[in-house]
Protein chains: 2
Amino acid sequence: MSTVRSAVKIDRDERAPPRERILAVAADLFYRNGIRGVGVEAIAEAAGTNKMTLYRHFDSKDDLVAEYLRRLASQANSAWDRRATRFPDDPRAQLRAWLTEMVEHIGATDDRGCALANAAVELPEPGHPARRVVEEFKTAQRERLIALCAAAGLNEPDMLADELFLLLEGARVTAQCMGRERLGDRLVRMGETMISAHEPKKR
Amino acid sequence: MSTVRSAVKIDRDERAPPRERILAVAADLFYRNGIRGVGVEAIAEAAGTNKMTLYRHFDSKDDLVAEYLRRLASQANSAWDRRATRFPDDPRAQLRAWLTEMVEHIGATDDRGCALANAAVELPEPGHPARRVVEEFKTAQRERLIALCAAAGLNEPDMLADELFLLLEGARVTAQCMGRERLGDRLVRMGETMISAHEPKKR
DNA sequence: ACATATAGATACTGACCGGTAACACCCATG
DNA sequence: CATGGGTGTTACCGGTCAGTATCTATATGT
């Protein structure tokens with residue numbers, strides 16, 4: 001039940017402004033050790049600064065947490081956009097790319113599941129600012145997936161989207177509770193089976 | 001970022017021995033507020049006893065946490081056994097019963113996901129005693145599900161079991177991040193679609 | 001009635017938490 | 001050269017944390 005009170009100073013972008021260094025380091029430590037398991041002092045220290053500067057940029061630890069999650073959410077949105085521009089007018093390819101990218105995340109040995117979902121688990125307080133961020137993110141994620149399934153001309157796009165969404169969400173949370181040997185291939189197979197089950201009838 | 005430091009005394013089985021009262025109350029508080037969010041003092045108080053007695057029965061808070069999770073795991077195993085005796089020699093019915101019971105849990109407004117999975121998220125420390133409990137539980141759960149799918153004569157029982165397992169795991173973790181309106185019916189439909197997709201060919 | 005074991009009560013330890021105050025510093029702009 | 005904003009440093013605050021020592025009370029079995 002120990003908390004992280006000192007962390008190795010992280011050397012990314014020594015020249016970056018403190019706010020960015022703090023956010024970068026906080027993302028690392030929050031994800032790896034859990035939000036409640038990291039003290040603000042450890043974050044400041046690892047970012048090569050101190051608590052006072054941290055509190056000049058963030059009103060509170062909760063504020064820092066919310067910003068940490070907001071950044072992750074926006075990165076995920078960028079990933080969607082990136083896939084959209086890489087495979088323009090090919091929603092099916094975007095869907096496949098999303099699936100394989102998610103599977104890669106899950107297969108990584110240092111993956112600890114979805115940081116947003118973890119935050120919701122760690123911070124049950126109903127009014128916590130982090131919870132709003134997570135809620136909006138997950139809802140938007142699902143919407144994008146539904147839209148993609150629909151654009152791909154698949155049957156019952158909302159059902160398929162939920163199947164895929166929940167499958168991968170479950171895989172991410174399960175991967176940190178059990179071994180993940182050969183999980184990747186199996187996941188891709190499951191996902192593609194689901195997709196082809198919603199293939200409109202040829203005629 | 002506040003922790004629970006005083007809780008309403010819970011009146012279940014005033015006569016029960018302190019160890020049981022402590023475990024009952026700990027289960028409640030750990031689940032609702034998160035493990036790291038509950039102090040041992042609050043548990044002892046809510047159980048109508050005090051910290052000293054708690055520490056006479058448990059070596060440490062981590063020990064109490066591990067026992068809390070072990071009890072949950074054994075309750076889940078009992079549920080499997082109960083379904084087996086209720087529908088003897090009918091694995092298909094046991095599967096359906098498992099699905100609907102899980103969906104009921106997920107639909108409950110006070111559901112906060114799988115307590116075991118939440119514990120794994122909250123306690124990232126690799127050697128934490130709780131992690132072994134969670135790992136063994138999830139593995140056993142998956143094995144039982146595979147065995148059931150196989151006994152039901154379904155195709156590729158391990159793939160189907162994983163699909164169902166991950167679908168529900170994902171649903172439990174997602175339900176606390178988003179709204180769950182009409183999620184229940186959809187889940188049952190998805191599960192049954194998956195099952196029938198593995199139906200052996202009629203001949 | 002006595003011995004023993006279990007439980008309750010209170011107070012304490014040392015450590016860590018999130019957050020703040022006061023002050024010295026550096027470096028750019030005027 | 002002056003001035004002022006962002007930064008670093010140190011010390012501190014009240015509060016909570018897990019865990020322990022000590023002593024009293026109660027119940028049980030003989």
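Fair warning: this is a prediction, and the values are worked out from it, not measured in the lab. Chain naming here is simple, since letters A, B, ... match the order of the sequence lines and numbering starts at 1 in each.
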Interatomic distance, [X] [atom1] vs [N] [atom2] [rounded to whole Å]:
X	N	atom1	atom2	result
Glu41(A)	dC16(C)	CD	C1'	10 Å
Glu45(A)	dT7(D)	CD	C1'	17 Å
Asp59(B)	dA18(D)	CG	P	16 Å
Tyr55(B)	dA7(C)	OH	P	17 Å
Ile22(A)	dG18(C)	CD1	C1'	15 Å
Lys51(B)	dC17(D)	NZ	C1'	8 Å
Asn50(B)	dA21(D)	CG	C1'	13 Å
Glu125(A)	dG18(C)	CD	C1'	14 Å

Presence of [X] side-chain N/O under 4.0 Å of [N] phosphate oxygens OP1/OP2:
X	N	result
Thr53(B)	dG8(C)	yes
His57(A)	dT7(D)	yes
Arg36(A)	dC17(D)	no

Indicate yes or no for a side-chain donor-acceptor contact from [X] to the backbone of [Y] under 3.5 Å, with no hydrogens or angles considered.
X	Y	value
Arg21(A)	Ala47(A)	yes
Lys138(B)	Val133(B)	no
Gln176(B)	Arg112(B)	yes

Quiz item: Given that Val40(B) and Met52(A) both sit by DNA chain D, which one's nearest nucleotide is further toward the 5' end?
Solution: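 Result: Met52(A).
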Quiz item: Run the salt bridge (Lys or Arg N to Asp or Glu O under 4.0 Å) check on Glu199(A) and Arg92(A) step by step: do they pass?
Solution: CA-CA 11 Å; Glu199(A) 204 71 55; Arg92(A) 196 73 65 103; 3.1 Å; yes
Practice problem: Look at the side chain of Arg56(B) and the base of dG8(C), then say whether one donor and one acceptor between them are separated by less than 3.5 Å. | Solution: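 It does, because a donor-acceptor pair links the side chain of Arg56(B) to the base of dG8(C) below 3.5 Å.
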